[in-house]
Asker: 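First, the structure itself, so that you have it in front of you.
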There are 2 protein chains.
Amino acid sequence: MIRKKQVTLNDIAARSGVAAMTVSRVVNGNGYVSEETREKVLAAVTEMNYRRNGLARSLKRQKTETVGLVLGDLSNPYSTELANAVRESLSAQGFNLFICISEHSGKEDIAAFEALVDHNVDGIIVATRSNRDGNERLDRIADSDLPIVVVGRDFPHKGVDYVSADNFTGGFEATQHLIDLGHRRIGFIGAAFEDRHSLKRLQGYLKALEKHDIAVDERLITGRSESAADVPGYSTEKIGYEGMKRLLSLPNRPTAAFARNDLTAFGAIAAIKEAGLSIPNDIAIVGFDDTPLASHTTPALTTVRQPMRLQGQIAAEMLLRRIRAVEDVRREDRILDCELIVRGSTVAAKL
Amino acid sequence: MIRKKQVTLNDIAARSGVAAMTVSRVVNGNGYVSEETREKVLAAVTEMNYRRNGLARSLKRQKTETVGLVLGDLSNPYSTELANAVRESLSAQGFNLFICISEHSGKEDIAAFEALVDHNVDGIIVATRSNRDGNERLDRIADSDLPIVVVGRDFPHKGVDYVSADNFTGGFEATQHLIDLGHRRIGFIGAAFEDRHSLKRLQGYLKALEKHDIAVDERLITGRSESAADVPGYSTEKIGYEGMKRLLSLPNRPTAAFARNDLTAFGAIAAIKEAGLSIPNDIAIVGFDDTPLASHTTPALTTVRQPMRLQGQIAAEMLLRRIRAVEDVRREDRILDCELIVRGSTVAAKL
DNA sequence: TGATTATGTGTTATCGTTAACTTATCCAAA
DNA sequence: TTTGGATAAGTTAACGATAACACATAATCA
């Protein structure tokens, strides 16, 4: 199909009898242009339905005024809030936001990074889980001085800022809360093999157990099996559901569990109910995030609230700071406090 | 900050003692290049850490191999599934996907369209709700022959394909199901003023009432108030929650309600439980989408399942067909069947 | 053997825009 | 009158890549 040939500055220039540069000045509203010429040009612009070519413009100006956001786990309300906050902050400053999804693998991370770099975005905000291949590529991109900010985790590169909730302390407090209630067999739901090391919430859980001299039982730590990543539409809820089923099938099942996030907790809750057990009496549950639904489950979910919008705002600010910087920027990192929200899903352990 | 000057084809050419064109051939793997030259060039490429400039490439080639997806309501699992399916289909064909969010207004729709058009995407998939300003702009873009596909609704333009679930029939069957169970006072939750006309699910609801000679009670149709759009973090659940609260406060409250989607239904369920009423005995609830959580609520949610991934796949195929078309493409539309999934949240009305 | 095709590489022009520079006019201050 | 800043517009040369063409030389075929 023969697409309509796009109208260029030169077409407008020819039509209105001025130089292309003058048209450019009118369109961009900079430089000196007489009122008379401006109107003439504007008329031609409207008549010919001209729209400037962003590619050419960006190529020449060496900037796109566009930022990329790489999200893992789109379905998590955390991502939604984050993306919205980022977008709002950026658009207030005249920047566009393009989102790329990378749900499962380092390969997808890399594909997303490359797509963004290829389009010469002015900066990238990364909110995927840490993984080797992805980190390696990100490192190379950061080396090239492209502004990068990482959200929800850290990233060891002098040119990369990060903002995150205090997942470690959050995980610690969630577990501490269960311990305080008298629980001793406490499960952790949602730790895939590959993120045992990077998962701060898990580390907080382990730390709390350690502090109270509770031995770690590996069978109580459960998560997605390797293959789940490949199943399209495999949801976080399902991970929680299956994880809890596994915990329930243990000879000596836990009396409480901490789920890596609310969605996982919802799945776990479903599994518990399905088994005919009661929450919180048979099993207490703590989630993480405080998503909108958390207060609406029965019983309402005890969870760790993290500031989602704030992380997005800060990430956007950090990135803009780098984009606009004239001289070298010192690395910045922000760890934001979480807050334990106690609701009905946790109660003192039966003795 | 002085960013590293980017390495260009010419730098590589100079370094390896060949013409820029030869480097281009090596990098793109087309045209004839001797093995010897190829290696020499590749060595230089690695040494100098060259990456081609996508902007320049796209400008010259007049295509970006990138597609934009405009999503409303990111938090809905429907969007997640759709986006993933689209991305998978596209990336299998070597296309990148950039997602833009437009949660509330025509203004945001327009901003998203412009951002994408400015970046010369090869096509756009639109999955936002219909609204006047957005439609108008989309119409103009379609006039310029940019391939466009609309998902989840229709769009009257000869150059725009669409794929959608059969929302009308879905809404009809959901309501019919409630009527079959003996319900006569049936609420509808989630119809904002501005989409009364475009909301096919509502129209299906109205049609079912009409068929059974049940008078429409406007007070039973409830949704987000105008202002809610401006509240950041305002969730769909909340709309359902508040909508149901309003229904419950009616002098003669309904015995059943059909929610525009599952999230709205979850909110409604929360409101019912909070009021100390029972589902489905006091109030029966039907949702729409069959999101992962729907089968996990208590009681499990009766809902209308729509094919989410399939819509994404079809949308991607439709768009690629247009992008690759050599001659004019005839408009295509697909309406996909939905399926009523009866679970525990609906039961015969008490007499 | 001469003609033809395949292979390898370079040159030029261009994609559409804008930064930087140049030219020209006008008016006010010195 | 001269100088010079503000205003108004045009010219040129990129930004970085590649399509199109040209020109070799080598391999193949009639």
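All chains are named by letter (A, B, ...) in the order of the sequence lines, taking the proteins before the strands, and each is independently numbered beginning at 1.
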Asker: Are the side chains of B:Val151 and B:Ile314 in touch, meaning some heavy atoms are under 4.5 Å apart?
Answerer: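 B:Val151 vs B:Ile314: side chains apart.
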
Asker: Could you name each residue pair satisfying salt bridge (charged side-chain N to carboxylate O under 4.0 Å, His left out) that touches residues 111-125 of chain A, not counting sequence neighbours?
Answerer: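 Checked against salt bridge (charged side-chain N to carboxylate O under 4.0 Å, His left out) - neighbours excluded - the pairs reaching residues 111-125 of chain A are A:Glu114-A:Arg137, A:Glu114-B:Arg51, A:Asp118-B:Arg51.
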
Asker: Over the length of the helix from C:dT1-D:dA30 to C:dA30-D:dT1, how much do the five-pair end axes diverge, rounded to 10 degrees?
Answerer: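 Here the helix ends are tilted 40° relative to one another.
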
Asker: Report yes if the side chains of A:Arg57 and A:Asn28 come closer than 4.5 Å at any heavy-atom pair, otherwise no.
Answerer: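 A:Arg57 vs A:Asn28: side chains touch.
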
Asker: Residues in ring-ring contact (aromatic ring centres under 6.0 Å, His included) with A:Phe98, at least two apart?
Answerer: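 Residues passing ring-ring contact (aromatic ring centres under 6.0 Å, His included) with A:Phe98: B:Phe98, B:His119.
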
Asker: Give the residues of residues 27-37 of chain A touching DNA chain D, defined as any heavy atom closer than 4.0 Å, sorted by residue number.
Answerer: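 Output list: A:Tyr32, A:Val33, A:Ser34, A:Thr37.
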
Asker: Could you tell me which residues satisfy salt bridge (Lys or Arg N to Asp or Glu O under 4.0 Å) with A:Arg331, sequence neighbours excluded, listed by chain and number?
Answerer: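 If we apply the salt bridge (Lys or Arg N to Asp or Glu O under 4.0 Å) test to A:Arg331, skipping adjacent residues, there are no hits.
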
Asker: Under a 3.5 Å threshold, yes or no: a donor from one side chain and an acceptor from the other, between B:Glu65 and B:Asn96?
Answerer: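 No donor-acceptor contact under 3.5 Å links the two side chains.
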
Asker: Applying side-chain contact (heavy atoms from CB on, under 4.5 Å), name anything that partners B:Ala112, two or more places apart in sequence or on another chain.
Answerer: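 B:Val70, B:Cys100.
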
Asker: Where do B:Asp139 and B:Pro156 come nearest, in terms of heavy atoms and distance?
Answerer: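 What the structure gives for the nearest pair is OD1-O, 4.3 Å.
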
Asker: Rounding to an integer number of Å, can you tell me how far A:Leu59 CG sits from D:dA14 C1'?
Answerer: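 So the two atoms are 9 Å apart, to the nearest Å.
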
Asker: Can you tell me if B:Glu35 has over 12 outside heavy atoms packed within less than 6.0 Å of its CD?
Answerer: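 Atom CD in B:Glu35 is packed in, count exceeds 12.
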
Asker: Test of understanding: with salt bridge (Lys or Arg N to Asp or Glu O under 4.0 Å), list the residues that count as partners of A:Arg153, not counting sequence neighbours.
Answerer: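 Not a single residue meets the salt bridge (Lys or Arg N to Asp or Glu O under 4.0 Å) criterion with A:Arg153.
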
Asker: We want to know whether A:Ser102 and A:Asp109 form a side-chain donor-acceptor pair, criterion being a heavy-atom distance below 3.5 angstrom.
Answerer: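 A donor-acceptor contact under 3.5 Å links the two side chains.
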
Asker: Using only atom types and a distance under 3.5 Å, with no angle test, would you say the side chain of A:Gln311 pairs donor to acceptor with the backbone of A:Leu82?
Answerer: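 Flag not set: sc A:Gln311 to bb A:Leu82 has no pair under 3.5 Å.
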
Asker: Residues two or more places apart in sequence or in another chain: which of them pass salt bridge (Lys or Arg N to Asp or Glu O under 4.0 Å) with A:Glu108?
Answerer: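 A:Glu108 satisfies salt bridge (Lys or Arg N to Asp or Glu O under 4.0 Å) with B:Arg87 only.
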
Asker: B:Arg334: which residues meet the salt bridge (Lys or Arg N to Asp or Glu O under 4.0 Å) condition with it, sequence neighbours left out?
Answerer: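 Scan of B:Arg334 (salt bridge (Lys or Arg N to Asp or Glu O under 4.0 Å), adjacent residues dropped) gives none.
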
Asker: May I ask you to decide whether A:Arg321 forms a salt bridge with A:Asp161, counting only side-chain N to carboxylate O separations under 4.0 Å?
Answerer: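 A:Asp161 and A:Arg321: salt-bridged.
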
Asker: Roughly, in whole Å, what's the span from NZ in A:Lys60 to P in D:dT12?
Answerer: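 My rounded result for the distance is 15 Å.
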
Asker: Given atom CZ of A:Arg57 and atom C1' of D:dG16, what is their separation to the nearest angstrom?
Answerer: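 Roughly 18 Å, once rounded to whole Å.
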
Asker: Return the residues of residues 47-55 of chain A meeting this criterion: a heavy atom under 4.0 Å from some atom of DNA chain C. Order them by number, or give none.
Answerer: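 The answer is A:Tyr50, A:Arg52, A:Asn53.
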
Asker: If only side-chain N and O atoms of A:Gln62 are considered, is one of them under 4.0 Å from the OP1 or OP2 phosphate oxygen of D:dG16?
Answerer: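 A:Gln62 to D:dG16 OP1/OP2: side-chain N or O found under 4.0 Å.
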
Asker: Reading DNA chain C from 5' to 3', where do the contacts with chain B start and stop? Cut-off is 4.0 Å to heavy atoms.
Answerer: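 With heavy atoms of chain B under 4.0 Å away, the range is C:dA6 to C:dG16.
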
Asker: Below 4.0 angstrom, which residues in residues 7-22 of chain B have at least one non-hydrogen atom near DNA chain D?
Answerer: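 Under 4.0 Å from DNA chain D: B:Thr8, B:Leu9, B:Met21.
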
Asker: Rounded off to whole Å, could you give me the CG-to-C1' distance for the A:Asn120 and D:dA17 pair?
Answerer: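 My rounded result for the distance is 12 Å.
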
